[in-house]
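Encoded as structure tokens, the structure appears first; notes follow it.
The basis for the numbers below is simple: all heavy atoms, side chains too, and nothing from hydrogens, waters or symmetry mates.
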Amino acid sequence: MKGIRKLMDRIKPSFEKGGRFEKLHSTFDAFETFLFVPDHVTRNGSHIRDSIDLKRVMIVVVMALMPALLFGMYNTGLQHFRATGVADASLWTCFGFGFWKVLPIIVVSYVVGLGIEFVSAQIRGHEVNEGFLVSGLLIPLVMPVDVPLWMVAVATAFAVIIGKEVFGGTGMNVFNPALLARAFIFFAYTPYISGEKIWIAGLTKGEGIVDGFSGATPLTDAASAVLTGSSQIQWTQGGPWDWFLGTIPGCIGETSTLAILIGAVILLWTGVASWRIMLSVFAGGYLTGLLFNLIGLNAYMNIPAYYHLILGGFAFGAVFMATDPVTGSQTNTGKWIYGFLIGALAVLIRVVNPGYPEGMMLSILFMNAVAPLIDYYVVQANVRRRNRRLKPAK
């Protein structure tokens, strides 16, 4: 590292004001701060000296995503070999297959997203922020493994430009960029992110698939029962334990609730994510599930309420998407309301709209838009309460 530091110090003057490459200062600064701790501090005014900065927060979130990513790679291989009739594929065989399937999606996401970030920073003359370190990994994790790479590139560009840069960049966006990328593909290229064949590598091409194999997710099973008017859901992908472990078809990083909860422990232990939002999302989903159990108008409403918490992207959304500090509520009371409504709306969308059996994506995006309004009314309620306390008695 000392050699790299000496190299950076030697070429640094060329990128500073008056140097040959001063227009590329933002790009150089991004690489330098990625490799080393920034050497600039505040010089005047009130300030806090702390070891936690945006880069460290982003790295913690990336570390928390590792269990879901690594399991997603393993599960990608596991589902492929199950579909092709290879029942004795080893852990490393499954992981190796999944690694080479998932890696290109990650590379495309980072290359496109960071490329736009660098260009935007150069145009504006701003520093390159580290926010996309997390978004660049979240985008692949919420995608099906067989999604075309060019589609990932277009969706990432849309999310960064329309969902982030037009609002001013990192810290200014209204909507979660990773969910915008997924929403873009869902509404623009629906067949590539819904149905039964896109969750398993090679299933769309029929690569030696065994007869009778189904690539349907548990959410698809539930929605199918509602669409056909069946009184009972025929689960084709195991039961609650399989769903909790994640050995089922689904988006790359969303299937394993266990791996996601390991990431949640890392986020909560480091204080990076809000426990209020996490807890309230799960509470909102569970209580709404209980309410629909009482109503019981279709088969989806009758499933045990806790099923909703381990199916689809519910846990992933609660831990990694809803807790985004930029797009979520900022007040403590607002976080409880914001999280509860995300969980409740996700379950509501699932059970009343079988055409869209997931619900979590739309729920979080909707609440992203409502979060500032929630905080506004929470603050106003506090102001009114304090004014009443200070009002002199007659």
Side-chain angles (χ1 to χ4, degrees), residues 42 44-54 56-58 60-61 64 129 131 134-135 163-164 166-180 264-291 309 314-349 359-394:
T42 53
N44 48 45
S46 60
H47 57 270
I48 297 175
R49 295 182 183 272
D50 195 281
S51 62
I52 302 300
D53 58 10
L54 181 61
R56 285 170 175 76
V57 171
M58 295 299 103
V60 169
V61 179
N129 291 310
V134 172
S135 297
K164 187 176 178 181
V166 297
F167 290 102
T170 300
M172 305 297 291
N173 49 294
V174 176
F175 300 102
N176 185 292
L179 284 179
L180 277 183
V265 171
I266 296 173
L267 293 178
L268 295 177
W269 181 62
T270 55
V272 168
S274 168
W275 65 270
R276 293 178 177 85
I277 293 178
M278 278 194 206
L279 180 60
S280 58
V281 171
F282 284 108
Y286 182 72
L287 293 176
T288 305
L290 290 178
L291 175 62
L309 310 185
F314 192 97
F316 192 88
V319 173
F320 295 111
M321 300 295 194
T323 55
D324 180 0
V326 176
T327 58
S329 289
Q330 306 299 310
T331 60
N332 285 339
T333 301
K335 289 175 182 178
W336 287 109
I337 299 171
Y338 169 79
F340 187 90
L341 290 178
I342 285 176
L345 285 173
V347 175
L348 174 65
I349 295 171
M360 200 61 178
M361 176 187 73
L362 295 181
S363 174
I364 295 176
L365 287 175
F366 176 76
M367 292 308 300
N368 285 167
V370 177
L373 187 63
I374 294 174
D375 284 336
Y376 172 80
Y377 281 110
V378 169
V379 171
Q380 291 303 308
N382 288 336
V383 171
R384 288 194 297 270
R385 186 165 58 251
R386 292 183 180 185
N387 285 339
R388 285 197 297 269
R389 284 205 306 263
L390 296 173
K391 188 175 180 180
K394 294 183 179 179

Between the side chains of Asn387 and Arg384, does any donor sit under 3.5 Å from an acceptor? no
Between Phe314 and Phe282, how do the two ring planes meet: parallel, tilted or perpendicular, split at 30° and 60°? tilted
Using a 6.0 Å cut-off, check whether atom CH2 of Trp269 has over 12 heavy atoms from anything other than its own residue. no
Close side-chain approach of Leu267 and Met278, heavy atoms under 4.5 Å: yes
For Met367, run the side chain to side chain contact (heavy atoms under 4.5 Å, CB included) check against Leu362, Val281, Ile342 and tell me which one passes. Ile342
Start with the C-alpha distance between Leu287 and Phe340, add both sets of side-chain angles, then the distance that settles side chain to side chain contact (heavy atoms under 4.5 Å, CB included), and finish with yes or no. CA-CA 9 Å; Leu287 293 176; Phe340 187 90; 3.8 Å; yes
[X] side chain to [Y] main-chain N or O, any donor-acceptor pair under 3.5 Å?
| X | Y | result |
| --- | --- | --- |
| Asp375 | Thr331 | yes |
| Gln330 | Pro325 | yes |
| Asn176 | Asn368 | no |
| Ser363 | Gly359 | no |

Exercise: identify the closest heavy-atom pair between Val326 and Met172: CG1-N, 4.2 Å
Could you grab the distance from atom OG1 of Thr327 to atom CG of Leu180, nearest 0.5 Å is fine? 9.5 Å
